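The shown structure was predicted, so the numbers you read here are calculated from the model rather than taken from an experiment.
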Amino acid sequence: MKMIINGQKVDSSDGRTQNVVNPATLQVIDTVPSATAEDITKAVDGAVAAQEAWAALPVRERCVILRRFADLVMERRLELGEILAKEAGKPYMKEAVWELDSVAYVYRGACDVAMHYYGSTMPIGTEPGYDDDLQITIHEPLGTLACIIPYNFPPAIWAFKTAAALAAGNTIVVKAPSYDPMTLLVLHEMLHEAGLPAGVAQCLTGKGSVVGDCLVDDPRIACVNFTGSTDAGLSIAATAAKHLTDYKFELGGNDPFIVFEDADMDLVVKEAEDQARNNRQCCTGSKRFLVHNSLKEEFIRRLSAELDKLVIGDPMDPKVNMGPMISERAARQVEEQVNLTVAQGARIVRGGKRNGAFYEPTILTDVAPDTDIARDMEVFGPVWPVIGFDTVDEAVGIANSSHYGLGGGLFSRNINTCIQVAKRLKTGHIAINGSGNFRAAELPFGGGRKMSGNSRESLSRVMDEVTQLKSIVFRYAFNERK
């Protein structure tokens with residue numbers, strides 16, 4: 001496959017490529033260009049040049065194009081889902097095709113929001129000396145945005161970063177994820193098929209250390225929108241600061257899943273098993289299972305029985321509901337993290353074995369609150385570390401011991417316990433009697449602590465992140481003697 005620069009499918013300027021590997025088979029399924037600095041500059045040149053004309057189109061005309069694109073996505077969802085399943089290891093119908101449905105929903109929703117994203121009029125006569133002035137605000141696009149997409153939900157996260165940005169009149173330069181860029185390349189082709197002008201949406205492939213760094217270091221980029229690791233976010237922020245470039249981040253998480261002694265255990269086990277979705281490669285996947293000591297053994301026994309029911313294998317097999325991790329390297333990292341946790345005193349009660357990019361669903365018990373996994377080590381894979389507690393204060397203390405604060409979930413039949421704990425947890429969102437592993441399109445999504453990022457990407461808030469306010473004053477508008 002090829003990159004999309006200025007509406008054209010192109011190779012890298014030096015002809016270099018990188019492989020895209022099916023993680024289920026470890027076989028190369030295609031190659032994509034490995035972009036050079038020259039390619040990146042060309043993409044930014046085109047996006048900057050296209051931005052003024054794109055922004056000049058009435059919002060209704062921009063949205064006609066974007067809604068036409070959403071229709072195309074739904075028409076080709078099965079084809080796109082197959083590409084995603086093979087490059088990312090997602091079960092085909094259960095996860096991959098569903099993710100393309102989400103793309104269409106977010107694009108349509110972004111158009112609805114953009115069409116009704118209103119400015120404001122200031123009250124007249126509140127401050128002496130301004131009685132005759134009409135003061136209003138309008139929203140304007142930021143300019144050209146760099147959107148850096150992670151591998152775990154590439155189409156869905158791409159949609160959140162690009163739909164509202166385009167509807168608002170921005171142009172975008174997208175860095176596709178290295179492991180699974182192919183679906184995004186096809187989506188960019190479809191944007192142009194829907195009528196998007198050349199240059200408005202660029203899609204680059206290649207190494208993050210080249211593409212991402214060059215994009216962030218270009219002073220013409222108005223804002224960097226990034227989802228990924230906290231370490232990468234820190235590097236991006238340092239580079240962006242050289243140009244005072246704004247950035248919106250969704251970074252790491254180590255979300256708590258707290259089970260109090262009066263919890264509905266049927267619901268608890270159901271929600272805990274659901275964490276197997278996308279092989280637990282989820283930003284807000286529950287990663288620390290804090291269970292009241294009176295329920296620990298029951299929780300482990302029942303969760304283990306549910307995990308035994310998972311069918312693991314090739315994601316194109318309709319019986320399979322859990323595929324491989326994104327790569328053998330990612331599975332090996334999880335293996336190393338589990339081994340470290342065992343060395344720190346934990347015990348494996350289920351799983352713990354790796355086969356290529358497949359890692360068995362693994363339950364750890366005897367996990368102490370001061371271990372790495374219980375605090376700041378984010379495990380991005382199918383591991384359920386169980387940490388016992390006795391009191392509400394103890395549970396809150398363990399949950400808040402991490403530098404991360406993305407999301408979380410708590411389970412109790414006592415509404416007062418739910419309200420009080422939800423208030424005390426330092427997270428961007430919290431689910432009551434549910435895991436925090438969700439992302440409703442409308443709900444503000446982002447970290448409650450700085451190591452988890454500063455974005456609140458959602459249909460309800462994203463327009464604030466892709467536009468800027470302009471104040472306009474009509475001096476003496478109400479002065480008849482002017």
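- In this structure, Met182 and Val186 have side chains that are not in contact, with every pair of non-hydrogen atoms separated by 4.5 Å or more.
- Here SG of Cys223 is found 6.0 Å from CG of Leu145. Values are rounded to the nearest 0.5 Å.
- Residues Ser13 and Lys42 have side chains that never bring a donor and an acceptor to within less than 3.5 angstrom of each other.
- The number of heavy-atom neighbours closer than 6.0 Å to CD of Glu442, taken from other residues, nucleotides and ligands shown, is above 12.
- A donor-acceptor distance shorter than 3.5 angstrom exists from the side chain of Arg62 to the backbone of Ala55, with no hydrogens or angles considered.
- For the atom pair CE of Met190 and CZ of Arg68, the computed distance is 13.0 Å after rounding to the nearest 0.5 Å.
- Judged as a side-chain contact (heavy atoms from CB on, under 4.5 Å), and not counting sequence neighbours, the contacts of Ala159 are Val103, Val106, Tyr107.
- Counted by atom type alone, Gln51 and Asn170 present zero donor-acceptor pairs between their side chains at under 3.5 Å.
- Counting heavy atoms from C-beta on, the side chains of Tyr105 and Leu459 come closer than 4.5 Å.
- The aromatic rings of Phe249 and Tyr247 sit parallel, their planes meeting at an angle under 30°, below the 60° perpendicular limit.
- No hydrogens or angles considered: nothing links the side chains of Gln18 and Thr205 as a donor-acceptor pair under 3.5 Å.
- Aromatic ring pairs are classed by plane angle as parallel below 30°, tilted from 30° to 60° and perpendicular above 60°; the pair Phe257 and Phe289 is tilted.
- The nearest pair of heavy atoms linking Leu204 to Ala43 is CD2-CB, 4.0 Å.
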Fill in: Chi angles and distances behind the side-chain contact (heavy atoms from CB on, under 4.5 Å) call for Val97, Leu78
CA-CA 6 Å; Val97 172; Leu78 298 181; 4.2 Å; yes

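- Considering every non-hydrogen atom in both Val210 and Ala35, the closest pair reads CG1-O, 3.6 Å.
- Under a 4.0 Å N-O distance rule, the pair Lys287/Asp255 does not qualify as a salt bridge.
- Aromatic ring orientation, Phe260 versus Phe389: perpendicular (interplanar angle above 60°, classes split at 30° and 60°).
- A donor and an acceptor atom, one from each side chain of Thr137 and Ser120, are located under 3.5 Å apart.
- Comment: Glu465 does not engage Lys248 in a salt bridge, judged by the lack of any side-chain N to carboxylate O separation of less than 4.0 angstrom.
- Side-chain atoms of Pro154 and Thr183, non-hydrogen and from C-beta on, never get closer than 4.5 Å to each other.
- Across every non-hydrogen atom of Pro256 and Gly407, the tightest pair is CD-O, 3.4 Å.
- Side-chain contact check for Asp464 and Tyr117: at least one donor-acceptor pair (N or O, by modelled atom type) lies under 3.5 Å.
- Ion pair Lys9/Glu189 flagged as a salt bridge, since at least one NZ, NE, NH1 or NH2 atom sits closer than 4.0 Å to an Asp/Glu carboxylate oxygen.
- Between His292 and Val259, every side-chain heavy-atom pair lies at or beyond the 4.5 Å cut-off.
- In this structure a side-chain-to-backbone donor-acceptor pair under 3.5 Å is present from Arg413 to Asp262.
- The side chain to side chain contact (heavy atoms under 4.5 Å, CB included) test with Ile65 is passed by exactly one of Leu196, Leu166, Val200: Leu196.
- Formation of a donor-acceptor pair under 3.5 Å by the Thr467 side chain with backbone atoms of Pro141 is not found in this model.
- Here the shortest heavy-atom pairing between Leu425 and Ala399 reads CD2-CB, 3.6 Å.
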Worksheet item: How far apart are the C-alpha atoms of Phe474 and Ile136, what are their side-chain angles, what is the distance that settles it, and do they pass the side-chain contact (heavy atoms from CB on, under 4.5 Å) test?
Response: CA-CA 8 Å; Phe474 296 86; Ile136 68 171; 4.0 Å; yes

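- Shown here for His192 and His188, the closest heavy-atom pair between the two residues is ND1-O, 3.0 Å.
- For the pairing with Thr239, the side chain to side chain contact (heavy atoms under 4.5 Å, CB included) check across Asp218, Leu215, Val216 returns one residue only, Val216.
- Under the 3.5 Å distance criterion, the side-chain polar atoms of Glu250 are left unmatched by any main-chain donor or acceptor of Thr227.
- The shortest heavy-atom contact between His429 and Thr284 is CE1-CG2, 3.5 Å.
- Here the straight-line distance linking atom CD of Glu378 with atom CZ of Arg288 works out to 10.5 Å at 0.5 Å rounding.
- Using a 4.0 Å cut-off between charged nitrogen and carboxylate oxygen, Asp213 and Lys175 do not count as a salt-bridge pair.
- Between Glu457 and Arg439 a salt bridge is recorded (basic side-chain N to carboxylate O distance below 4.0 Å).
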